[in-house]
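Throughout, numbering of the chain's residues begins at 1 and tracks the sequence.
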Amino acid sequence: MSTLTAFVNGVAFWAPRLPGWQVAAPVLRGEAAAPVQPAPRPAPTLLGPTERRRAPDTVAIALEVAARACDSAGADPKELPSVFASTYGDLAISDYMSETLARTPTLLSPIRFHNSVHNAAAGYWTIGTGCYEPYTALTAYEDTFGEGLLEALTQAACGDRAVLLVAYDIEARGPLATMVSSRGILGAGVIVSPHAQASSLARVRWRTRRGGERTVAMDCNAELVAGNAMAACLPFFETLARAERRTVCVGLSPALSLELDVGFPGAGHADEG
């Protein structure tokens with residue numbers, strides 16, 4: 001595949017010990033220690049008080065990083081098509097529904113039921129922001145982040161416009177935790193565009209390549225999100241935080257990867273334009 005170019009115009013990250021990009025970036029650069037105490041779950045301020053109380057972890061984390069990525073880019077959420085990527089969706093609600101259906105099926109909550117669908121977070125985002133642009137909700141098992149980023153980059157290239165990527169996963173619970181592996185909460189967001197702007201954070205030259213090569217994050221950073229199903233996003237965000245040119249490979253399948261040559265404005269490289 002030929003190499004295409006995109007720009008990262010906004011970034012967001014949230015994990016209990018990395019609650020927000022302003023905290024996460026210096027930790028991922030090795031300039032600061034992560035907070036010892038985990039932060040409480042972010043509140044989805046886009047929603048009204050009632051919906052905010054009822055919002056599950058998936059919605060809370062997805063809306064948090066989506067909003068912060070838009071803030072970072074100075075972008076209007078109403079104008080952005082979006083890609084929402086989650087490996088498992090809402091495992092907590094899946095566990096609740098399975099147990100309720102097995103024991104007391106007539107007591108199944110309609111509110112929890114409608115939050116169980118894989119595109120629930122994307123739906124809340126478009127409603128909360130008043131966005132009528134299209135969204136995509138996807139999963140690709142262990143390669144969900146890579147496939148989500150590829151989808152966002154492809155849409156940006158084909159549509160000649162900025163696209164928001166929101167990637168997130170939460171903790172597995174109950175019997176499901178014996179079958180699927182995910183711990184904690186992790187959310188990450190970027191806005192990618194074929195066009196640079198004054199506040200662009202990075203330039204990305206990207207292509208798909210055969211082979212299963214995967215870039216590995218630094219051990220000290222990896223332990224902060226260890227076990228979460230979306231942890232594969234960390235090397236890319238680690239690179240954005242360090243602002244040093246680097247080639248990152250993210251998985252797309254056992255035999256295919258997404259190669260990202262990440263460069264930075266003002267980093268002294270003649271080919272950054």
Problem set entry | side-chain contact (heavy atoms from CB on, under 4.5 Å) against Thr154, all qualifying residues, sequence neighbours excluded |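 Applying side-chain contact (heavy atoms from CB on, under 4.5 Å) to Thr154 gives Leu150, Cys158, Trp206.
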Exercise. Salt bridge or not for Asp261 and Arg245, using N-O below 4.0 Å?
Worked result: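 Yes, charged N to carboxylate O under 4.0 Å.
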Exercise. Is it true that Arg29 and Glu31 have a side-chain N and a carboxylate O under 4.0 angstrom from each other?
Worked result: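 So Arg29 pairs with Glu31 through a salt bridge.
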Exercise. Does any pair with a residue in residues 19-58 pass ring-ring contact (aromatic ring centres under 6.0 Å, His included), and if so which ones, sequence neighbours excluded?
Worked result: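 Every candidate ring-ring contact (aromatic ring centres under 6.0 Å, His included) pair involving residues 19-58 fails, so no pair, neighbours aside, qualifies.
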Does [X] reach the side chain of [Y], with side-chain heavy atoms less than 4.5 Å apart?
{"X": "Val8", "Y": "Ser200", "value": "no"}
{"X": "Val27", "Y": "Leu18", "value": "yes"}
{"X": "Tyr135", "Y": "Thr126", "value": "yes"}
{"X": "Asn228", "Y": "Arg183", "value": "no"}
{"X": "Pro44", "Y": "Arg52", "value": "yes"}
{"X": "Glu151", "Y": "Leu138", "value": "yes"}
{"X": "Phe113", "Y": "Ile93", "value": "no"}
{"X": "Leu260", "Y": "Leu258", "value": "yes"}

Problem set entry | Pairwise distance CD(Glu142) to OG(Ser181) - rounded to 0.5 angstrom |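 Result: 9.0 Å between the selected atoms.
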Tell me the closest heavy-atom pair linking [X] and [Y], and the distance in Å.
{"X": "Ala156", "Y": "Pro194", "answer": "O-CG, 3.5 Å"}
{"X": "Pro35", "Y": "Arg17", "answer": "O-NE, 2.8 Å"}
{"X": "Cys233", "Y": "Ala188", "answer": "SG-CB, 4.1 Å"}
{"X": "Ala137", "Y": "Asn119", "answer": "CB-CB, 3.7 Å"}
{"X": "Ala85", "Y": "Gly148", "answer": "CB-CA, 4.2 Å"}
{"X": "Pro42", "Y": "Ala60", "answer": "O-CB, 3.5 Å"}

Exercise. So Gln155 and Thr136, side-chain hydrogen bond (donor to acceptor under 3.5 Å, both in side chains) or not? Walk me through it.
Worked result: CA-CA 10 Å; Gln155 288 190 23; Thr136 303; 3.1 Å; yes
Would [X] end up clustered with [Y] when hydrophobic side chains under 4.5 Å apart are linked, directly or stepwise?
{"X": "Phe264", "Y": "Leu201", "result": "yes"}
{"X": "Tyr141", "Y": "Leu252", "result": "no"}
{"X": "Val83", "Y": "Leu186", "result": "yes"}
{"X": "Leu101", "Y": "Tyr96", "result": "yes"}

Problem set entry | salt bridge (Lys or Arg N to Asp or Glu O under 4.0 Å) assessment of Arg242 paired with Glu238 | CA-CA 6 Å; Arg242 296 175 72 86; Glu238 189 177 70; 5.9 Å; no
Exercise. Quick one: ring-ring contact (aromatic ring centres under 6.0 Å, His included) partners of Phe237, sequence neighbours excluded?
Worked result: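 So Phe237 forms a ring-ring contact (aromatic ring centres under 6.0 Å, His included) with Phe13.
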For this session: Report yes or no: do Ser86 and Asp169 form a side-chain donor-acceptor pair below 3.5 Å?
Result: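 Yes, a side-chain donor-acceptor pair sits under 3.5 Å.
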For this session: Determine whether the side chains of Asn9 and His195 contain a donor N or O and an acceptor N or O closer than 3.5 Å.
Result: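 Note: Asn9 and His195 side chains miss the donor-acceptor criterion.
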For this session: Just do the side chain to side chain contact (heavy atoms under 4.5 Å, CB included) check on Ser257 and Val250 with the steps written out, would you?
Result: CA-CA 6 Å; Ser257 63; Val250 183; over 6 Å; no
For this session: Not counting sequence neighbours, which residues clear salt bridge (charged side-chain N to carboxylate O under 4.0 Å, His left out) with Asp71? List them please.
Result: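 For Asp71, the residues satisfying salt bridge (charged side-chain N to carboxylate O under 4.0 Å, His left out) (neighbours in sequence not counted) are Arg68.
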Exercise. Who passes salt bridge (charged side-chain N to carboxylate O under 4.0 Å, His left out) against Asp90, sequence neighbours left out?
Worked result: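 Asp90: no salt bridge (charged side-chain N to carboxylate O under 4.0 Å, His left out) contacts found.
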For this session: Could you list all the side-chain hydrogen bond (donor to acceptor under 3.5 Å, both in side chains) pairs where at least one residue sits in residues 34-44, not counting sequence neighbours?
Result: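 Counting only pairs at least two positions apart or across chains, the side-chain hydrogen bond (donor to acceptor under 3.5 Å, both in side chains) contacts touching residues 34-44 are Arg41-Asp57.
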For this session: Quick one: which residue pairs count as a side-chain hydrogen bond (donor to acceptor under 3.5 Å, both in side chains) with a foot in residues 75-84, not counting sequence neighbours?
Result: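 For residues 75-84: none.
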Exercise. How would you list all residue pairs meeting salt bridge (Lys or Arg N to Asp or Glu O under 4.0 Å) that involve residues 209-220, not counting sequence neighbours?
Worked result: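 Found Asp143-Arg214, Arg209-Glu213, Arg209-Glu259.
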For this session: Enumerate the residue pairs fulfilling salt bridge (Lys or Arg N to Asp or Glu O under 4.0 Å) with a member in residues 110-136, sequence neighbours excluded, ordered by first and then second residue.
Result: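 Every pair satisfying salt bridge (Lys or Arg N to Asp or Glu O under 4.0 Å) with a residue in residues 110-136: Glu133-Arg161.
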Side-chain heavy atoms under 4.5 Å apart, restricted to Ile/Leu/Val/Met/Phe/Trp/Tyr: what other residues fall into the cluster of [X], or is it alone?
{"X": "Val117", "value": "none"}
{"X": "Tyr168", "value": "Trp14, Leu46, Leu47, Val59, Ile61, Leu63, Val65, Leu80, Phe84, Tyr124, Trp125, Leu164, Val166, Ile170, Ile185, Ile191"}
{"X": "Leu107", "value": "none"}

Between [X] (side chain) and [Y] (backbone), is there a donor-acceptor pair under 3.5 Å?
{"X": "Thr215", "Y": "Cys249", "value": "yes"}
{"X": "Ser72", "Y": "Gly10", "value": "no"}
{"X": "Ser109", "Y": "Ile111", "value": "yes"}

Exercise. Do other residues, nucleotides or ligands put more than 12 heavy atoms under 6.0 Å from the CZ atom of Arg173?
Worked result: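 No, CZ of Arg173 has 12 or fewer neighbouring heavy atoms, counting only those of other groups under 6.0 Å.
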Problem set entry | Residue from Val204, Leu165, Thr144 passing side chain to side chain contact (heavy atoms under 4.5 Å, CB included) with Leu149 |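 That would be Leu165; it is the only one of Val204, Leu165, Thr144 passing the side chain to side chain contact (heavy atoms under 4.5 Å, CB included) with Leu149.
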For this session: Decide side-chain hydrogen bond (donor to acceptor under 3.5 Å, both in side chains) for Arg246 and Thr239; before the verdict, give the C-alpha distance in whole Å, the side-chain angles of both, and the deciding distance to 0.1 Å.
Result: CA-CA 7 Å; Arg246 183 188 189 194; Thr239 301; 2.9 Å; yes
Exercise. After noting the C-alpha distance and the side-chain angles of Met97 and Leu108, does the key distance pass the side chain to side chain contact (heavy atoms under 4.5 Å, CB included) rule?
Worked result: CA-CA 7 Å; Met97 292 205 314; Leu108 188 70; 3.8 Å; yes
Exercise. Under the side chain to side chain contact (heavy atoms under 4.5 Å, CB included) criterion, do Val225 and Met230 qualify, and how do the steps go?
Worked result: CA-CA 9 Å; Val225 297; Met230 197 51 65; over 6 Å; no
For this session: Dump the intermediate steps for side chain to side chain contact (heavy atoms under 4.5 Å, CB included) on Thr139 and His118, then the final yes or no.
Result: CA-CA 9 Å; Thr139 179; His118 195 268; 3.8 Å; yes
